[in-house]
A.B. asks: 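Can you keep this structure in mind? I'll have questions shortly.
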Amino acid sequence: MARGDGRLTTELDPDNPGPRDACGVVGIWAPGEEVSKLTYFGLYALQHRGQEAAGIAVSDGARTVVYKDLGLVAQVFDESTLAPLQGHLAIGHARYSTTGAPTWENSQPTIRSTTTGTAIALAHNGNLVNTADLMKEVDRLGIDMGTTTSDTHLITALLAAHPDESVAAAAERVLPQLRGAFCLVFMDENTLYAARDPQGVHPLVLGRLASGWAVASETAALDTIGAHFVREVEPGELLTIDEHGLRSTRFANPEPKGCLFEYVYLARPDTKLAGRNVYATRVEVGRTLAREFPAEADLVIGVPESGIPAAIGFAEESGIPYGQGFTKNQYVGRTFIQPSQSLRQLGIRLKLNPLVDQIKGKRLVIVDDTIVRGNTQRALVRMLREAGAVEVHIRISAPPVKWPCFYGIDFATRAELIAGALDTDGIRAQIGADSLGYVSMDGLVRATEQPASRLCMACFDGHYPIELPASDLIGKHLMEAPQAAKPGVQRSTEASTQVREGTTA
């Protein structure tokens, strides 16, 4: 029988997962500092963006070393694994797979040597939409991709395919070929690079350390490692950081389309996006919800964790008291123990248990961030009624999610999205709520303090700002079809954890 792996998971219902996060990246250039530990703590702050694998690449100017494995940051690294990672610059990655399976081969940072011996290591947050075209280019150049099946490995291979050019020159050649969402941190033995796609779909920020520079997916990571926020990496910008300082070049004209879902769910509440605090945005969304969809109730409850700020805002605006309605078990891990039919009613109780004395006999407003398939909300409503709730009114701090994302968030397919098939009243009936209200698109956009023209709202309205290829040329497992006939595509975690020095990982 398979055993549980003991890894924590935030899913209330693992069989029906919600939207999966984009990845998290960190880059550090700081001579004299313990760059591997700074990178570790930066990744720790970004753990919410990816929980499948973690890795760090470090250079001392002579060689580049990569250590990575499947698992959470604190599971992959400890004092003994960080100690050999010595140098003056590093990059790190916390992964959730959006292209390619969650295997060790696809974990990051990737690393590849040029024919002249320069090692290029790279970490990527986002998802490309022209992977099929890049596969053709790699094949044309005769590059062996081994058993890797991620778009990140394609980028690394293309950067290493120009040995007669500097890494910066190769980047200026390769980056304009990429389509989709990409926040990149990459490095050779002496230089740290960072780049953001022309649309700036996901965040990437620059910070100043006492003895160097830091780049990270969110400002919260800069705060954690003691870096002073300088500015966002601009859409279409390539940064180069080395002993000569920081330099900026443009590889594409900016066409800003920041991900609206970052404000709703992905980013940490203590992060700032485009100068706007995420927590303040979510509280304001809750206030808007209370104005747009008021309810006569006795208590407002937020579904941990991302529903809590909006619930606080709803309570403040409505005058209905805010209270804790659930106790959350912080220590539940993934498990392979299958419940019998008689135990299936346990559902999400492994994660949340209602506070009966708070709930019994009351009319409740329950605030959550999204409804994807509806199974979690259906279970919550049932649980609250069993605990004695008289009424259950569901309020959602985002518009209905009707379309999948191809830019780095792994939603359910359109066929699985409940809002793709049912209207609001149909969804209300499905989940068993007394009423259901979603915040309006205008209300959500106003809360971000960003103009709608600078935001990507594709998962809500189906308008994709970066053109998509034909349906058979896109998808998480696009690169795996050629690998299907090859034996040994996946290796066990125990057999594959190792350090690589300037070679293809």
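Along the sequence shown, residues carry numbers from 1.
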A.B. asks: For Glu255, give me all partners under side-chain contact (heavy atoms from CB on, under 4.5 Å), at least two apart in sequence or on another chain.
C.D. replies: Gln199
A.B. asks: To the nearest 0.5 Å, what is the distance between CZ on Phe314 and CD on Glu292?
C.D. replies: 10.5 Å
A.B. asks: Are the side chain of Asp298 and the backbone of Arg363 linked by a donor-acceptor contact shorter than 3.5 Å?
C.D. replies: yes
A.B. asks: Would you mind reporting whether Leu222 and Val230 have side-chain heavy atoms less than 4.5 Å apart?
C.D. replies: no
A.B. asks: Between CD1 of Ile155 and OG1 of Thr110, what distance do you get to the nearest 0.5 Å?
C.D. replies: 8.0 Å
A.B. asks: Report the C-alpha distance between Met457 and Val445 in whole Å, list the side-chain angles of each, state the deciding distance to 0.1 Å, and finish with yes or no for side chain to side chain contact (heavy atoms under 4.5 Å, CB included).
C.D. replies: CA-CA 10 Å; Met457 301 176 280; Val445 170; 3.8 Å; yes
A.B. asks: Is a donor on one side and an acceptor on the other found under 3.5 Å between the side chain of Arg373 and the backbone of Glu416?
C.D. replies: no
A.B. asks: Determine whether more than 12 heavy atoms belonging to other residues, nucleotides or ligands lie under 6.0 Å from atom CD of Glu296.
C.D. replies: no
A.B. asks: Any side-chain to backbone donor/acceptor pair from Arg378 onto Gln430? Under 3.5 Å, distance only.
C.D. replies: yes
A.B. asks: Should the heavy atoms of other residues, nucleotides or ligands under 6.0 Å from CG of Asp357 be counted, would the total exceed 12?
C.D. replies: no
A.B. asks: Considering non-hydrogen atoms only, spot the tightest contact between Phe326 and Pro354 and give its length.
C.D. replies: CD2-CA, 4.1 Å
A.B. asks: So, Ser440 and Asp442: side-chain donor and acceptor under 3.5 Å apart, yes or no?
C.D. replies: no
A.B. asks: Between CD of Glu237 and CG of Leu206, what distance do you get to the nearest 0.5 Å?
C.D. replies: 8.5 Å
A.B. asks: Please report the closest heavy-atom contact between Gln324 and Gln358, naming both atoms and the distance.
C.D. replies: O-NE2, 3.1 Å
A.B. asks: Quick one: are Val26 and Tyr40 in side-chain contact, heavy atoms under 4.5 Å?
C.D. replies: no
A.B. asks: Any donor-acceptor pair under 3.5 Å linking the side chain of Gln47 with the backbone of Val73?
C.D. replies: yes
A.B. asks: Going through the distances and angles, do Glu284 and Glu317 end up as a side chain to side chain contact (heavy atoms under 4.5 Å, CB included)?
C.D. replies: CA-CA 9 Å; Glu284 182 58 32; Glu317 182 70 21; over 6 Å; no
A.B. asks: Can any side-chain N or O of Ser217 pair as donor or acceptor with the backbone N or O of Val25 at less than 3.5 Å?
C.D. replies: yes
A.B. asks: Within the structure provided, determine whether Ile427 and Tyr438 are in side-chain contact (heavy-atom separation under 4.5 Å).
C.D. replies: yes
A.B. asks: Under 30°, 30 to 60°, or over 60°: which ring-plane class applies to Tyr464 and Trp403, parallel, tilted or perpendicular?
C.D. replies: perpendicular
A.B. asks: Looking at side-chain heavy atoms only, is the closest gap between Cys405 and Phe261 below 4.5 Å?
C.D. replies: no
A.B. asks: Look up atom CG in Leu352 and atom CG in Leu380, then write down how far apart they are to the nearest 0.5 Å.
C.D. replies: 6.5 Å
A.B. asks: To the nearest 0.5 Å, what is the distance between OH on Tyr265 and CD on Glu305?
C.D. replies: 10.5 Å
A.B. asks: Look at the side chain of Glu218 and the backbone N and O of Leu46, then say whether any donor-acceptor pair between them is shorter than 3.5 Å.
C.D. replies: no
A.B. asks: Checking the side chain of Lys257 only, and the main-chain atoms of Ser453 only, is there a donor and an acceptor separated by less than 3.5 Å?
C.D. replies: yes
A.B. asks: Quick one: closest heavy-atom pair of Val66 and Pro109, and the distance?
C.D. replies: CG1-O, 3.8 Å
A.B. asks: Might you point out which heavy atoms bring Arg179 and Asn130 nearest each other, and give the distance in Å?
C.D. replies: N-OD1, 3.1 Å
A.B. asks: Within a strict 4.5 Å, meaning less than it, do heavy atoms of the Leu38 and Leu209 side chains meet?
C.D. replies: yes
A.B. asks: Counting C-beta onward and ignoring hydrogens, is there a side-chain heavy-atom pair between Val401 and Val372 closer than 4.5 Å?
C.D. replies: no
A.B. asks: Hey, is the main chain of Cys259 close enough, under 3.5 Å, to the side chain of Glu262 for a donor-acceptor pair?
C.D. replies: no
A.B. asks: Run the side chain to side chain contact (heavy atoms under 4.5 Å, CB included) test on Leu260 and Thr448 for me, step by step, so that the C-alpha distance in whole Å, both residues' side-chain angles and the decisive distance to 0.1 Å come before the verdict.
C.D. replies: CA-CA 8 Å; Leu260 184 57; Thr448 70; 3.7 Å; yes
A.B. asks: What's the separation between atom CZ in Arg282 and atom CG in Asp369, rounded to the nearest 0.5 Å?
C.D. replies: 8.0 Å
A.B. asks: Just by distance, no angles: are the side chains of Arg276 and Thr281 close enough, under 3.5 Å, to form a donor-acceptor pair?
C.D. replies: yes
A.B. asks: Are any non-hydrogen side-chain atoms of Thr81 and Asp69 less than 4.5 angstrom apart?
C.D. replies: no
A.B. asks: Would you say that more than 12 heavy atoms from the other residues, nucleotides or ligands in this model lie under 6.0 Å from the CZ of Phe293, or not?
C.D. replies: yes
A.B. asks: Which pair of heavy atoms, one from Leu239 and one from Arg231, lies closest together, and at what distance?
C.D. replies: CD2-NH2, 3.6 Å
A.B. asks: Is it the case that atom CD in Glu316 sees more than 12 heavy atoms from other parts of the structure closer than 6.0 Å?
C.D. replies: yes
A.B. asks: Can you list the steps and then say if Arg385 with Asp434 is a side chain to side chain contact (heavy atoms under 4.5 Å, CB included)?
C.D. replies: CA-CA 11 Å; Arg385 294 200 190 282; Asp434 292 284; 2.9 Å; yes
A.B. asks: How close do Cys23 and His93 get, heavy atom to heavy atom, and via which atoms?
C.D. replies: CB-NE2, 3.4 Å
A.B. asks: Between His202 and Tyr407 (side chain of the first, backbone of the second, donor and acceptor by atom type, cut-off under 3.5 Å), is there such a pair?
C.D. replies: yes
A.B. asks: Are the side chain of Thr131 and the backbone N or O of Asp151 linked by a donor-acceptor pair below 3.5 Å?
C.D. replies: no
A.B. asks: Holding to side-chain contact (heavy atoms from CB on, under 4.5 Å), I want the full list of residues that pass it with Asn353, two or more places apart in sequence or in another chain.
C.D. replies: Arg349
A.B. asks: Just so I know, are the side chains of Phe182 and Arg196 near enough to count as touching, which here means a heavy-atom distance under 4.5 Å?
C.D. replies: no
A.B. asks: Assess whether atom NZ of Lys362 is packed by more than 12 heavy atoms of other residues, nucleotides or ligands within 6.0 Å.
C.D. replies: yes
